[in-house]
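Convention: sequence-line order gives letters A, B, ...; per-chain numbering from 1. The analysis underlying the following values was restricted to heavy atoms, covering all of them including side chains, and did not include hydrogens, waters or symmetry mates.
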Amino acid sequence: MLLPANYESLTPAQAIACHQDMRRHINISHLDKPISIIGGADISINKHEETQYAGIVLFTYPELKIIGQTSAVWRTSFPYIPGLLAFREVPALLEAWNKLEIKPDLMILDGQGIAHEQRMGLATHFGLLTDVPSIGSAKNRLNGKYNEPANEHFAQSYLYDQNEVIGVALRSKKNCKPIFVSPGHKVDMQQSIDIIKNCIRGYRIPEPTRHAHNFVNQVRLAHGDKSNAQLSMF
DNA sequence: GCGACAG
DNA sequence: ATCTTGTCGC
């Protein structure tokens, strides 16, 4: 596929054209290779700055013991645009990815996989660039229609775009809104659902992305983010 | 024109 | 995404 030298200067129209080219290489099929290491990734930012703190946490699977982590500080001016999140977050995530001594068998990203208008959500985009199996686990829906899953642990309801199943609304925890799971690359729908279920440990968010989120947040604060300082002088 | 809209 | 106090429900 033909990739832009840098994502910074892309116009939204060029980014969408890039997605159209990349989508031809998406491979949604069963992953036969056994999974022993899973990685979770996320980014933390200061609302009013362009600095991004990206991080990846590695876990043994299915035990989910943390065995490593890397982080990276990046800067981007590409804005958040629904549907084009990958162009804003992937560069920073790749920086953290390149620092990993050991690469995981599969990655879980905080966003959509193929549950995207061009089937090019963050997880799919990242999977294509790194050639690693990936799954998208989003806290909110971006594309597709679904019926509200029953209020029971692991109740689920498929996400449809026309007649195509592009993901699933999964009730990862009773009395909590569902999460939206979709395969990213080199893994199939059922496998994605099963893996995410195996990563739930009493919280709404699966452990890999939950820990990655906490990790990058700490990295940001430790790096000197003053935005959270309290005005307690008086 | 209006509503929807991952992080 | 980030910040934040109280509030509601299992």
Rounded to whole angstrom units, what separation is found between the [atom1] atom of [X] and the [atom2] atom of [N]?
X: His19(A); N: dA6(B); atom1: NE2; atom2: P; answer: 15 Å
X: Ile114(A); N: dA6(B); atom1: CD1; atom2: C1'; answer: 15 Å
X: Leu109(A); N: dA1(C); atom1: CG; atom2: C1'; answer: 15 Å
X: Glu117(A); N: dC5(B); atom1: CD; atom2: P; answer: 13 Å
X: Asp161(A); N: dA4(B); atom1: CG; atom2: C1'; answer: 14 Å
X: Glu152(A); N: dC10(C); atom1: CD; atom2: C1'; answer: 15 Å
X: Ile43(A); N: dA6(B); atom1: CD1; atom2: C1'; answer: 13 Å
X: Met120(A); N: dC5(B); atom1: CE; atom2: P; answer: 22 Å

Please determine, for the side chain of [X], which listed nucleotide ([options]) has the closest atom?
X: Pro82(A); options: dA1(C), dA4(B), dA6(B); answer: dA6(B)
X: Glu89(A); options: dT2(C), dG7(B), dA6(B); answer: dG7(B)
X: Leu85(A); options: dA6(B), dC10(C), dT2(C); answer: dA6(B)
X: Arg220(A); options: dG7(B), dA4(B), dT2(C); answer: dT2(C)

Flag as yes if Tyr80(A) stacks onto the base of dG7(B) (centroids under 5.5 Å, planes under 30°), otherwise no.
yes
Give one of base, sugar-phosphate or nothing for [X], where a contact means two heavy atoms less than 4.0 Å apart.
X: Leu84(A); result: base
X: Lys139(A); result: sugar-phosphate
X: His48(A); result: nothing
X: His125(A); result: nothing
X: Asn46(A); result: nothing
X: Gly83(A); result: base

Could you pick out which residue, Asp42(A) or Lys174(A), lies toward the 5' side of DNA chain C when each is mapped onto its nearest nucleotide?
Asp42(A)
Looking at [X], I'd like to know whether one of its side-chain N or O atoms comes within less than 4.0 Å of OP1 or OP2 on [N].
X: Arg141(A); N: dC5(B); value: yes
X: His213(A); N: dG7(B); value: no
X: Asn140(A); N: dC5(B); value: no

What about Leu85(A) and Leu159(A), same hydrophobic cluster or not, with Ile/Leu/Val/Met/Phe/Trp/Tyr joined at side-chain heavy-atom distances under 4.5 Å?
no
Hey, are Tyr61(A) and Asp105(A) close enough side-chain-wise for a donor-acceptor pair under 3.5 Å?
no
Looking just at side-chain N and O atoms, do Thr76(A) and Glu8(A) make a donor-acceptor pair shorter than 3.5 Å?
yes
Heavy-atom pair with the smallest gap, counting every atom of Ala86(A) and Leu122(A):
CA-CD1, 3.9 Å
Closest non-hydrogen contact found for Tyr53(A) with Val219(A) is CD2-CG1, 4.0 Å
Can you confirm if the aromatic rings of Tyr203(A) and His211(A) lie within a centre distance of less than 6.0 Å?
no
